[in-house]
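Notes follow the structure.
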Amino acid sequence: MKKLFVTLLSLALILSLTGCGENENKNCIVIGGSGPLTGPASEYGEAVKYGAEIAVDEINALGGLQFKLNIEDDKHDQELATNAYATLKDKGIQVSLLCVTTLPAIAVASLTNADGIFALTPSASGDDVISSGEYIFRMCFGDPEQGVFAANYIRNKALAKNVAVIYDKSDDYSKGIHDSFIKEASAMGIKVVADTVFTSDSNTDFSTQIKEIKDSGAELLFMPIYYNEAYQIIIEANKQSCNTIFFGCDGLDGILRIDGVDNNKLEGVYLLTPFTASSSDSATVNFVEKFKAKVGKEPNQFAADAYDCVYAIYNACKENNITYDMSAQDIGNILKDYFAKMSFNGLTGNNVTWSANGKVSKSPKTYCIKNGIYENVD
Amino acid sequence: MRFLSYIIDGISLGSVYAIIALGYTMVYGIAKMLNFAHGDIIMVGSYIIFMMVAKLNLPIFISIIIGIIACTLLGIIIEKFAYKPLRNATSLAVLITAIGVSYFLQNGAQLIWTSSTRMFPTVFSSTINIGNLQIPYLTIATIVVCVLIMILLMIFVNKTKTGMAMRACSEDKGAASLMGINVNKTISLTFAIGSGLAAVASFLLSAAYPAINPTMGSMPGIKAFTAAVFGGIGSIPGAFIGGVLLGIIEIFTKAYISTELSDAIVFAVLIVVLLIKPTGLLGKKAKEKV
């Protein structure tokens, strides 16, 4: 037992020593964050890690200001994320990417804020994250903003007067968009004629919901849900010849890549998303190529948000002549003031701005599926 | 009109439950064990049929036959390696093994086919229209196939020699083997038939609800098990009636009461039925011999 203890202790010592070794960041600003690199949510963590790495590599290749990136694994767990933050502080973190997912981000945000370190989370969309303090900002949309945007788009393009909604009541993302959409739609005179639900336990049979939607006479079905269920709903609607317009949010991105998908059934489906890998925009093409070469698959929205985070921080540092030898608190104070007034062009939007409470303002792009590809219909 | 169309939806969903329940009840009636891996054999069947149709572009009927053969083989293999060594063990040990096999199949499928959902291509998408009422061909096919299988099974079990051997094993294994019946072989055959039925169910299930993923079998499996208990486990017509009733109750609760509570209400109905009639609707009263 004693022997084991001694071995463990010496092992810990060696590990902490190597930690110190890494700490000698030669002329680099240290950026750090944590995300689920293993476990069921690892898809998101990996996307953020690789997206941010590509941006850092590009920036470092430019010469001038140099970044060093540390992404720790938090397995989408609050306690592990708190530990990861302690590790990052040991590594001399100066700017934070906070956490990839909302729950750990809430735990870490208050610590980061108390330390006066500036944090820009790529993907933690819950509003509780940015309300933790003045140093916390985010790059992605909040869920409710998508609902508001969708309602506005439907009214401005006069897509429909009577809409039906189907959403997953057991999922916070879906519920968040749904609630804000219903509120916004009724405020602007769009009539919600059917409001149907399913849950993660009842996500295979949609026949009763479609029947209700069809009988309600809705011209458009709003689906703030993920693509697997959305596809099944569209198939069921097709079977019952319920010919509404289908309108989804960023959860639908990926629907064309489902194995066995019938593209003909998806003709004319609308979706909102801040980023799509199939865009022909040159910055996106460059990013998608690099990501594919590095990871072997197409980047998703999270990867693009992470890439944008690093560039937004880079731009802000350059504008304010921030250097690697400044303290994290000095950098934090400069960045938090500057972000509230800066404007940024990135993969996930142009003229992106932030309010002082950390909320991002950018418009998602609207796409319509035509002949099996996304077509921009802003 | 809407009421009628809900009934049709309910019968359609219920027939799929019924076919799965037939597999459960077959194995339970003869081998006296609950094969909890039945739902996962259905999942494997769905993947195999999907691969044949979508990747190799084989005609649907040939794909179904390949699926039936593959599932039958899978059933025989599972029986040989997981259940046969436990022939004389307690029923609890067999039950736990069945749960283990279920996890094995789910995780195996995740390794081979990954966890991302695939979509089964649409087949028989046309409908018969009577006034405003739409009846999909698939629904009719499902009901016909289900009734046909039920009748064939009943004839097989009640009229053939092998069927007689099965009933003998179900009543008393020891006495059956004294009469010269090969009990092991008979039970293996039961599994083979049950698994073959699972492949038919996988096609009908996937054609109606296209999402295919490694855990797709568990929920229909549990529902079908409920249907089998509802109708009286061990009884072939009971499984059919239980399945259809369960499907109708589920659709009606979704339509008229609440989508979120549908499962809770379905299972509550089961509890009520079991309180009033503990052996299920068509179950035989088992005589306990001391």
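Proteins come first, then strands; the chains are lettered A, B, ... in the order of their sequence lines, and each starts at number 1.
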Atom [atom1] of [X] with >12 non-hydrogen neighbours under 6.0 angstrom:
| X | atom1 | answer |
| --- | --- | --- |
| A:K214 | NZ | yes |
| B:N129 | CG | yes |
| A:K294 | NZ | yes |
| B:Y103 | OH | no |

Can you tell me how far the [atom1] atom of [X] sits from the [atom2] atom of [Y], to the nearest 0.5 Å?
| X | Y | atom1 | atom2 | result |
| --- | --- | --- | --- | --- |
| A:N228 | B:M119 | CG | CE | 4.5 Å |
| B:D263 | A:T199 | CG | OG1 | 7.0 Å |
| A:S202 | B:L261 | OG | CG | 10.0 Å |
| A:T208 | B:Y256 | OG1 | OH | 10.5 Å |

Heavy-atom distance under 4.5 Å between the side chains of [X] and [Y], does that happen here?
| X | Y | result |
| --- | --- | --- |
| A:T196 | B:T259 | no |
| B:I251 | A:S207 | yes |
| B:E260 | A:V197 | yes |

Quiz prompt | chain B contact via A:D215 - side chain, backbone, both or neither, heavy atoms under 4.5 Å | solution = side chain

Self-check item: Partner chain B: residue of A:K169, A:Q209, A:K211, A:E236 with the largest heavy-atom pair count (under 4.5 Å)
Solution: A:K211

Exercise. Can you check whether anything in residues 48-70 of chain B gets within less than 4.5 Å of chain A, heavy-atom wise, and list it by number?
Key: B:F50, B:K55

Quiz item: Hey, which residues of residues 205-218 of chain B are touching chain A, say heavy atoms under 4.5 Å apart?
Solution: B:A207, B:A208, B:Y209, B:P210, B:A211

Exercise. Measure from the side-chain N and O atoms of B:K254 to the backbone N and O of A:D205, and report whether any donor-acceptor pair falls under 3.5 Å.
Key: yes

Quiz item: Tell me, side chain or backbone of B:T117 under 4.5 Å from chain A's heavy atoms, or both, or neither?
Solution: both

Quiz item: Contact part of B:S258 toward chain A, heavy-atom cut-off under 4.5 Å: side chain, backbone, both or neither?
Solution: neither

